[in-house]
Number of protein chains: 2
Amino acid sequence: MTHSQRRRIPDAAVARLPVYLQILNNLHATNVARFSSDELAALAGVNAAKVRKDLSYLGSYGTRGVGYEVTYLIHQIRRELGLMREWNVVVVGAGNLGCALAKFGGFAPRGFPVVGIVDNDPKKIGQSTGALKVSDVRNLQKLVKDLEVTIGAITTSTSAAQSAADALIEAGITSILNFAPIVLAIPSSVSVRNVDLGVELQILSYYEQMRIEQSDSKSQQKSNAVPV
Amino acid sequence: MTHSQRRRIPDAAVARLPVYLQILNNLHATNVARFSSDELAALAGVNAAKVRKDLSYLGSYGTRGVGYEVTYLIHQIRRELGLMREWNVVVVGAGNLGCALAKFGGFAPRGFPVVGIVDNDPKKIGQSTGALKVSDVRNLQKLVKDLEVTIGAITTSTSAAQSAADALIEAGITSILNFAPIVLAIPSSVSVRNVDLGVELQILSYYEQMRIEQSDSKSQQKSNAVPV
DNA sequence: AGGGCTTCGTGCAGAATTTCACAAAGTTAA
DNA sequence: TTAACTTTGTGAAATTCTGCACGAAGCCCT
């Protein structure tokens, strides 16, 4: 194999690039033309060497002794993340969250226009949410094909989420943003990102409790150490 | 130091425990009494050895040749995650998302009741959202103290998010769930989890583009390999 | 009781990620 | 031009995470 696939960027770095991009956009908006890895690291809350290594996966776009150009780096990160084009999104599930996503205008300007919303509830089908009308989930396949949708957002109830995922995959979707608190069964050829506030809160809870236990054991002089 | 702090669970494992808990709750609801690491691994989409290792951080609660008891493991995970008590949440920012969080009844039953919502906009202060009234952000400190709030959710505009974080920390909050697309500057004694749909979409975009490039280079016979 | 079967718990090796540390390469100023 | 200074790019070490492989331990059946 002649290494025909592009140099792969480590997953951990891919997850940080959008954060850097966000920060660089802010810098650009405040007329900052250049930045050093130290500055970006401080703004992103990470180590400067990590910033340099992450950016080096894009290519050698820095100038030693000077730093990086904001606009040029924005361009490179966008290119690498696939943000030079738009990716159409369809929402499955016209509940509170689904409708909010459809109405929320914040995604289109960032390259992810929501072009459709579907549901299986006859009462919801036909209703308007923002500029879109809720259509029948049975039209999903046609909708995905006609509007060239690549990303599906699942905002159904937990019990309907798996069949929503099945329908999306059947329709040819290859990226899913899942808001239901369930682990979807999906072929490995499809990407999934889970957004679960319950999980986030529980992780915070763990570290919160950790802090409390530590300060407890510090305040009472006798150590309550547990023998290993 | 006599190792007074409890055995630390690796961060990666901490992030998976809530997912296991979710699955076990489902099993419990369907009257499943026992499970093996293989079964849980399949449901969680991870390796069975990883499941066993993760659960072993809680203690040796399995029975060889049999598996784990659902209810007992639920109890142990809850204990470890600090879910034997409630953690009160205050929402900062009474916009669309903030109000939705305040109204949404899904957190209280899972141990994270939203007990307050604040804003700095005089037009919003005093309005009702669900069972709560929006109060002045200047009351935050008192609110946090009186209601024993430990978690703050930031749902303000991006420009107001940092000062919201400052106010929360000033008020004594030590865990923050941040929905604004910005990296908050925070002391290391405070935990933060970021929920940023833009970031998630951009990560999906990367892998989507990756797939397209790969199938492109496969369909055309001449390799477009880039010399390293 | 004992053999066969199942599944846990975990040592260890390998992979992935992070961080350090420094040569390379550029700028600036005299 | 040269010396002093800054900042990148990247080997290599350190750390964290993953997954295999297998001994240990319990159940079931005869």
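Within every chain, numbering begins at 1; the chains are lettered A, B, ... in the order of the sequence lines, protein sequences first and strands thereafter. No hydrogens, no waters, no symmetry mates; every other heavy atom, side chains included, goes into these values.
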Measure the distance from [atom1] on [X] to [atom2] on [N] and round it to the nearest whole Å.
X	N	atom1	atom2	result
L40(B)	dG9(C)	CG	C1'	16 Å
Y57(B)	dC8(C)	OH	C1'	15 Å
L58(B)	dT10(C)	CG	P	12 Å
N47(B)	dA13(C)	CG	P	18 Å

Tell me whether the count of non-hydrogen atoms from other residues, nucleotides or ligands lying under 6.0 Å of CG in D166(A) goes above 12. yes
State yes or no: are the ring centers of Y61(B) and Y72(B) separated by less than 6.0 Å? yes
Hydrogens and angles aside, do R211(A) and S191(B) bring a side-chain donor and acceptor to less than 3.5 Å of each other? yes
Please tell me whether N25(B) and Y20(B) have a donor and an acceptor in their side chains that are separated by less than 3.5 angstrom. no
Verify, without hydrogens or angle tests, whether T155(A) (side chain) and G93(A) (backbone) share a donor-acceptor contact under 3.5 angstrom. yes
Please check this pair: side chain of T30(B) against backbone of N26(B), looking for a donor-acceptor N/O pair closer than 3.5 Å. yes
What one-letter contact string describes nucleotides 7-17 of chain D from 5' to 3', where B marks a base within less than 4.0 Å of any protein heavy atom, S marks contact via sugar-phosphate atoms alone, and - marks no contact? BBBBBB----S
